[in-house]
Structure formats: C-alpha cells, structure tokens
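Notes to accompany the following structure.
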Number of protein chains: 2
Amino acid sequence: MKKTTKEQILDVALDLFSQKGYKGASIRMISSKVGIRESAIYNHFKNKEDILNTIVSTLSSSSLSLLSSNKPLEESAKKGKSFLREFAASFKLLAYDNKSEKFFRFMMIELMQNKKMRDIFMNDFHKAHLKILSQAFFIMMQEDMIYSSDPMLMAREFLSPLFFYRMQVTLVKIDKENSSIESTLFEKHIDFFWEMIVNNK
Amino acid sequence: MKKTTKEQILDVALDLFSQKGYKGASIRMISSKVGIRESAIYNHFKNKEDILNTIVSTLSSSSLSLLSSNKPLEESAKKGKSFLREFAASFKLLAYDNKSEKFFRFMMIELMQNKKMRDIFMNDFHKAHLKILSQAFFIMMQEDMIYSSDPMLMAREFLSPLFFYRMQVTLVKIDKENSSIESTLFEKHIDFFWEMIVNNK
DNA sequence: TTTTAGTATTAACACTTGTTCATAATAAAG
DNA sequence: CTTTATTATGAACAAGTGTTAATACTAAAA
C-alpha cells in the first residue's frame, strides 16, 4: 500500500516533467518534493536520464494507446458506429486518466525537442491507432456499412480530430477551467463523422 | 539588406527557441551564434524575457493565422470547395514557411508550460480560424451547397485535421525525412471532407 | 578635431545545475 | 548482539545560468 521511495520519485518526476519538461525539472525539485536530499536519488537511479527512461518505458505504451486489440477486430468492427463510439470513449478516458494525462503533457513538451519522443508518438501512438482504425473501416466497407473510400485516409480523418480534442481537454484542464464543453466534443465527433460516412441508401 | 544586430539576435533566438524551448536556449548560446559576447545582448534587449516578448508579439499573429479576412467572406464562402481549398492552401503554406514553422515549433514546446502561449494558441490561432470557418459554413448552408448542420461543429471537424497534418509535417521535417507524403494530406482532406458534406441531391 | 551616442568586451556576481564521495542512520539476516 | 545491505545525509565539485559594471572601440554630429 505504502509507496516505495523509488515509486515516489517516479511519480513526482512525472508530475514535474509534465509541468516543466525534462530540462525544467531538476533533481533537487524532485528530491525535495519526495522529502529526501538530492544525493539520495542516486541510490535508486543511475542518473537523471535513468529516471526519464524508466518513466518512458513504463508509460509510453499504456498511457497512449488503447491496445484493446486482444479482442477480435473482425467482430467488433462490424458493430459500426458502436465500435467508433467505444474507440473514442477509451480515447477520451485516457484524457481524463491522471497518469496518462501527465504523460501526454510531457510527450507534447518533448515532441519538438526529442527524437525518441517523436518516435514514440509516431509509432506507439499514431501508427498503432491508424492500423486498428484502417482495418476496422476496411471491414465496414466490405460489409457495405459505409461509403467506400481509402480506409487509411478515413482512419486519419477520424483520428486527427480525436487527437486535437484530447489536446484541447488537456490544455483547458491546465488552467483549471471547466473542461465539460470540450468533453462533449468526442461524442459530437462520432455523430458527425458517422453521419457523413454511413451508407443509408 | 544587411541585418542589424538586433534582428540577428531575434532570428537566432527564434531558431534556438524552436529547437530547445525558452529555458533550453541560453543567452550565451544566442550571443555566440550571433558572433558577439553575452553582455552585448543587453545593449539591445532589457533581458531574456524581453527577447521572448519581442518575438511573440512580432510573430504570434502573422505566423499562425491567415487573416485574409480583409476580403469579404460573403463572396468567397459561396465558392464552396474552392474556398476550403484556399483556406487549406494558406494553412499549408504556413507549415512550409521558415519563420512560421519555427514559431509553430516553439509554440508547441511552450504550450503545456506557458499560460501566455496557451492564450495565443487558443485565441490568435484556434478561435480566429474557427470564426472564419463557421461563418463560411453558415453561408454555404444558407446557399444549400452543403448539408445543414452545426456550423461551429463543422468548422472544428474541418480544422482539427488541418492542425494535425501541419503538426505532422513539422515533426517529419525535423528529422529531415521527406515530407512529401504528409504534404498531400491537406488536399486529400479537402476532397474527403467536401465529398462528405456536399449537398448533391 | 573633439564630443557624443551606440555597441562591443572583459570580468565578475550570485545562483542553479547534475553528480560524487565519505559517512551516518536504519532495518533485515546471521 | 553483531554483521550486512540498503538508504539516507552533508559537503563539495565543475560547469552552466541570467545579469551587471567598468571600460574600450567605433562611427556619426558638433
């Protein structure tokens, strides 16, 4: 139940990284928030970069993508709009999950400065989602549920508003403003998008 | 023709800010790239923040939004798809303009750390575009050119992929990879979106 | 030519950064 | 109780940070 010092360091570090970025959060800031002296950190981590790497390898996959791909996509994709609703719902969930939100903020800060973070964003985050979505749209097209088009294009067009809305929720929440308006954007997006692509002849 | 020292400082500062962020770019880095000593900077700017403020107030509006709103929107909106194509084209242009690109990178880095940057993004960038687009879509609906819907929702749905594609172009260009694939996303977006909303009864 | 305004330099300041080392406190294992 | 492994401390380090002050250089105005 009680967190180990190592876990506390990781928690505090993620919190500070998400607010100030990697360079902006110092070892002394982290240690003082944990309640120890800066030198004690080095009993748990080799150096500052080691803290970063531990956070990244722990959270990059879990905090970004949904990877509910253990369930057979063939079946769930045939649910059409429900599938999209579920996809967006889990996407939205990540925007409101504490650790995921912090990692998302951190990723956004580092994105333009750090090649490793760019790779994580492109592969673990973007490509992973595009793959699931394009496959799902392909199935929906085969089933004549939606207009026929390029599945990858459709996946991008569906995904990019989701990303933007997630970013917007994060931004609004930083300034402690009520994010309930932004919260509805996800559902509106599903309705709008489905209405556009559905094959209702 | 020859740039003044003050202009050089601003150019170099923007370049470094866009790569390392505000905190990551030091006065000594800037001065050495300009070819002067660090103390000489203070003959041109009060302090580091003064450099930042000068850059922001100079570039925030021009590098982010298109503000071609000097032309009457009533007329151009009636051109339908052409209007959207022009809008996206100027959006794309900014992604390939050197200074605009750098400011965009800088804005992305600071977005999660700096309230002022968040305000610029929300107002100068996002709201400004949404306003133009929602008005345009409203006109198109009145003219029966497109399906009737919530103009603001449609504006968001149209704009957010543009933002995402612009970000993606920027990311790809950082690693010097060929961005020609991402470059086509803008046009594909227009075609896809127009196809979805056009009223072809 | 002398005065003056603008811009450069050198040196120093107080402070923060990541990291190391010898040492002390603590708690589990013998 | 003693040994041992783990985790804490305090002090110090070299390097980097933003900024200032005194001073020199340079070019136009008097």
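Throughout, protein chains are lettered first and strands after them, A, B, ... in sequence-line order, and every chain is numbered starting at 1. Since the model is a prediction, treat every value here as computed from it, not as a measurement.
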Nearest-Å distance for atom pair [atom1]/[atom2], residues [X] and [N]:
X      : N       : atom1 : atom2 : result
I36(B) : dT10(C) : CD1   : C1'   : 14 Å
R37(B) : dG16(D) : CZ    : P     : 15 Å
K20(B) : dT17(D) : NZ    : P     : 10 Å
D50(A) : dG18(C) : CG    : P     : 14 Å
K23(B) : dT16(C) : NZ    : P     : 11 Å
E49(A) : dT17(C) : CD    : C1'   : 16 Å
I41(A) : dG10(D) : CD1   : P     : 15 Å
Y42(B) : dT9(C)  : OH    : C1'   : 15 Å

Check the phosphate of [N] against [X], side-chain N and O only, distance under 4.0 Å to OP1 or OP2. Yes or no?
X      : N       : answer
H44(A) : dT6(D)  : no
S26(A) : dT17(C) : yes
T5(B)  : dA8(C)  : yes

Nearest listed nucleotide, side chain of [X], among [options]:
X      : options                   : answer
M29(A) : dT7(D), dA8(C), dT17(C)   : dT17(C)
I27(A) : dT19(D), dC21(C), dG18(C) : dG18(C)
N43(B) : dA11(D), dA8(C), dT17(D)  : dA8(C)
K48(A) : dT10(C), dT9(D), dG18(C)  : dG18(C)

Inset, instruction - Scan K99(A), K33(A), R105(A) and name whichever one has a salt bridge (charged side-chain N to carboxylate O under 4.0 Å, His left out) with D15(A). - result: K33(A)
Legend entry - Test log, rule salt bridge (charged side-chain N to carboxylate O under 4.0 Å, His left out), inputs E187(A) and K92(A): CA-CA 10 Å; E187(A) 283 80 13; K92(A) 183 180 174 180; 3.1 Å; yes
Inset, instruction - State, to 0.1 Å, how close A25(B) and L16(B) come at their nearest heavy-atom pair, and which atoms those are. - result: CB-CB, 3.7 Å
Legend entry - Most 5' of A40(A) and R28(A) on DNA chain D, judged by nearest nucleotide: A40(A)
Inset, instruction - Determine whether K116(A) and E110(A) make a side-chain contact, defined as any pair of heavy atoms from C-beta on separated by less than 4.5 Å. - result: no
Legend entry - Which residue lies more 5' along DNA chain C, comparing E38(B) with G35(B) via nearest heavy atoms: G35(B)
Legend entry - Donor-acceptor pair (no angle test) under 3.5 Å: S39(B) side chain, dT10(C) base: yes
Inset, instruction - Evaluate the criterion salt bridge (charged side-chain N to carboxylate O under 4.0 Å, His left out) for residue pair D150(B) and K188(A); output intermediate values, then yes/no. - result: CA-CA 10 Å; D150(B) 176 6; K188(A) 285 182 181 169; 5.2 Å; no
